[in-house]
Amino acid sequence: MNQEEQTIQNEAPAPEPRIIPRAQHNVSRKHIDPDALKVLYRLHNHGFTAYLVGGSVRDLLLERRPKDFDVGTDARPSQVHRLFRNSRVIGRRFRLVQVFFRGGKVIEVSTFRKSADVNGGGDDDVLQANNTFGTPAEDALRRDLTINALFYNIADYSLVDYVDGLRDLQAGLIRSVGQADLRFHRDPVRVLRAVRHAARTDFKLTEDTLAAVQKRGAELGCCPSSRVRDELMRDLKGGSACSWLELAHETGVLYNLLPTLKPYYGAEDSHLRRAAAKLLSRVDAMIAKGAALSDPVSLAALFWPALEEAALEEEFPAGRAGHSRWAFFVRETLPPLAKPVQFAKRVLERACQIGAVMGFLRDDPPLARLPKKVTEKGYFADACQLAEVLGRDLAARAEDGPAKKGRKRRRKRRKKRPNSGGSSPT
Ligand code: ATP
Ligand code: MG
């Protein structure tokens, strides 16, 4: 049976939403993307229910700029597609419509749906994914956190709240929709989402949500590794990686994801975890300034203090031999540390490459100029970012950098340099 033809089955009496009229909330159309408004109005003008949904409503209420504006509607995907020439239907498991606008902007329009994990399904089924079309109430109840389940109704600019999400948002609480333990068991990725949103908003996890995070974090291994990895990358690059690290440590989620980091960061007073938090706070600051940090840079920042601690067991000779030894050490040590999360091969490879470049900063005094074979690499820009995260300035050395005449002159200069003593961690 085609999803379009599916009737809404299993209709339990819908919970009554709390309607918060425009005068009683601060979501203004001024802050809603004009193209998202166009989509909402066109759906509404054709007789459909049209809500702004998910993270955008949460962010607008928190007076933050939403990353994207998602729309929920009772129109079926084919009906939405017919309304917008500039759209396409995507998704196999659950079809949704992407509406395209200038500058590559995409507004996603999903038909309200329900999730099997709300209305039933076997207890033991982790990752129930049997989505079917549903009512607005069911759509709210399938969502992860109450603050992520609020709707903004374009018909009268009110908020539609089935889950007391506004109350939690005003009280600074992160609460699972429904029964936390069951919902997180059904989809353990929600554990990561709860920690992320708590870290990002500085809200407190409610008691039952915290208990579910601690219990169900161990089930993250049951989720497809690509989902876990994507969520972790969002944590590292979302601008709140520093507070995320602390909360992921406190809840144990960090070690559910990466048991390899426990010997390094697991102790309550671990100076290495503090060092990692400092690096991640630099990552956050760079992102806040608008830098586009690549995945390998954030990844390397997370592991760096552990990597350096492991390096204390090794001997690194001075000079060129030391650089090669360091490069070898990074390649040998970083992949096993990162292994439990199956990072994309090319991301891990690049993290190793840029980590290896840091070897040129290890000598004391460090190389005054970097060899061209380093500065000309495609990954040198990433290496400069990692150096910045580590509090070093690699770029400056490249700019002074290898003289145009190349190797010969460089060699002469090197001879003049005083002998560098052993190595010290960067
Ligand atoms: P961000 O600002 O990081 O994009 P977001 O809340 O918008 O945060 P998305 O991943 O874009 O997060 O998801 C959009 C919405 O989909 C969420 O707000 C939430 O309502 C719902 N959602 C996402 N993942 C899940 C999940 N695993 N289980 C239930 N609902 C989910
Ligand atoms: Mg989003």
Side-chain angles (χ1 to χ4, degrees), residues 14-28 31-32 51-70 72 112-115 117-119 134-153 157-217 231 234-235 238-240 243-244 246-248 250-251 253:
E16 281 302 309
R18 183 179 157 214
I19 305 291
I20 299 108
R22 173 65 188 92
Q24 290 172 29
H25 68 76
N26 63 340
V27 175
S28 157
H31 301 125
I32 301 177
Y51 293 161
L52 198 63
V53 299
S56 55
V57 183
R58 174 200 68 221
D59 289 344
L60 289 168
L61 283 164
L62 292 170
E63 297 180 357
R64 296 180 180 192
R65 186 198 289 262
K67 276 201 226 110
D68 38 37
F69 290 85
D70 296 333
F112 297 130
R113 64 191 202 249
K114 62 184 170 193
S115 193
D117 76 40
V118 176
N119 287 333
T135 61
E138 287 166 331
D139 195 85
L141 295 180
R142 78 171 172 87
R143 292 176 184 271
D144 53 355
L145 307 171
T146 59
I147 61 164
N148 289 345
L150 288 158
F151 299 147
Y152 170 85
N153 188 355
Y157 315 127
S158 64
L159 291 182
V160 181
D161 184 0
Y162 287 95
V163 293
D164 273 339
L166 188 63
R167 182 201 56 193
D168 287 340
L169 189 132
Q170 287 165 342
L173 292 175
I174 298 293
R175 184 194 308 275
S176 165
V177 170
Q179 219 189 308
D181 188 60
L182 184 62
R183 300 293 317 287
F184 288 8
H185 172 57
R186 291 286 167 77
D187 180 3
V189 162
R190 291 176 186 143
V191 166
L192 297 181
R193 297 183 57 87
V195 172
R196 166 178 325 135
H197 287 290
R200 203 199 265 181
T201 51
D202 208 17
F203 283 9
K204 215 169 145 244
L205 292 154
T206 59
E207 208 176 301
D208 58 332
T209 304
L210 173 61
V213 163
Q214 288 166 329
K215 181 168 165 200
R216 299 303 181 182
E231 295 284 345
R234 286 173 73 176
D235 288 319
S240 310
S243 18
W244 173 83
E246 228 12 75
L247 193 56
E250 278 167 27
T251 53
V253 166

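Predicted, not measured: the structure shown is a model, and the values here were computed from it.
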Notebook entry, point to check: Charged N to carboxylate O below 4.0 Å: is that the case for R143 and D139?
Noted result: yes
Notebook entry, point to check: Checking side-chain contact (heavy atoms from CB on, under 4.5 Å) for the pair F69/L52: CA distance, chi angles, key distance, verdict?
Noted result: CA-CA 7 Å; F69 290 85; L52 198 63; 4.1 Å; yes
Margin query: Check whether R22 reaches the backbone of V27 with its side chain - one donor and one acceptor, N or O, closer than 3.5 Å.
Written below: yes
Note to self: Would you say T209 and T206 are linked by a side-chain donor-acceptor pair, where the criterion is simply a distance under 3.5 Å?
What the structure shows: yes
Next item on the list: Test D59 against R65 for salt bridge (Lys or Arg N to Asp or Glu O under 4.0 Å), laying out the working first.
Entry: CA-CA 6 Å; D59 289 344; R65 186 198 289 262; over 6 Å; no
Next item on the list: State which residues pass ring-ring contact (aromatic ring centres under 6.0 Å, His included) with F151; sequence neighbours excluded, sorted by chain then number.
Entry: Y51
Note to self: I need the minimum non-hydrogen distance between A198 and L205, along with the two atoms involved.
What the structure shows: CB-CG, 4.0 Å
Notebook entry, point to check: Please, which pairs that meet salt bridge (Lys or Arg N to Asp or Glu O under 4.0 Å) have at least one residue in residues 192-213, sequence neighbours excluded?
Noted result: D144-R193, R193-E231, R196-E231, R196-D235
Note to self: Strictly by salt bridge (Lys or Arg N to Asp or Glu O under 4.0 Å), give each pair with a member in residues 162-172 just once, sequence neighbours left out.
What the structure shows: D164-R167, D168-R175
Next item on the list: For side-chain contact (heavy atoms from CB on, under 4.5 Å), just list the numbers for N153 and L159, CA-CA rounded to whole Å, side-chain angles, deciding distance to a tenth of an Å, and then say yes or no.
Entry: CA-CA 6 Å; N153 188 355; L159 291 182; over 6 Å; no
Notebook entry, point to check: Just how far is it from atom CD of Q170 to atom CG of L62, taken to the nearest 0.5 Å?
Noted result: 10.0 Å
Notebook entry, point to check: Going by heavy atoms in the side chains, are D161 and P17 under 4.5 Å from each other?
Noted result: no
Next item on the list: Check the pair R113, E138 against side-chain contact (heavy atoms from CB on, under 4.5 Å), reporting the backbone distance first and the verdict last.
Entry: CA-CA 6 Å; R113 64 191 202 249; E138 287 166 331; over 6 Å; no
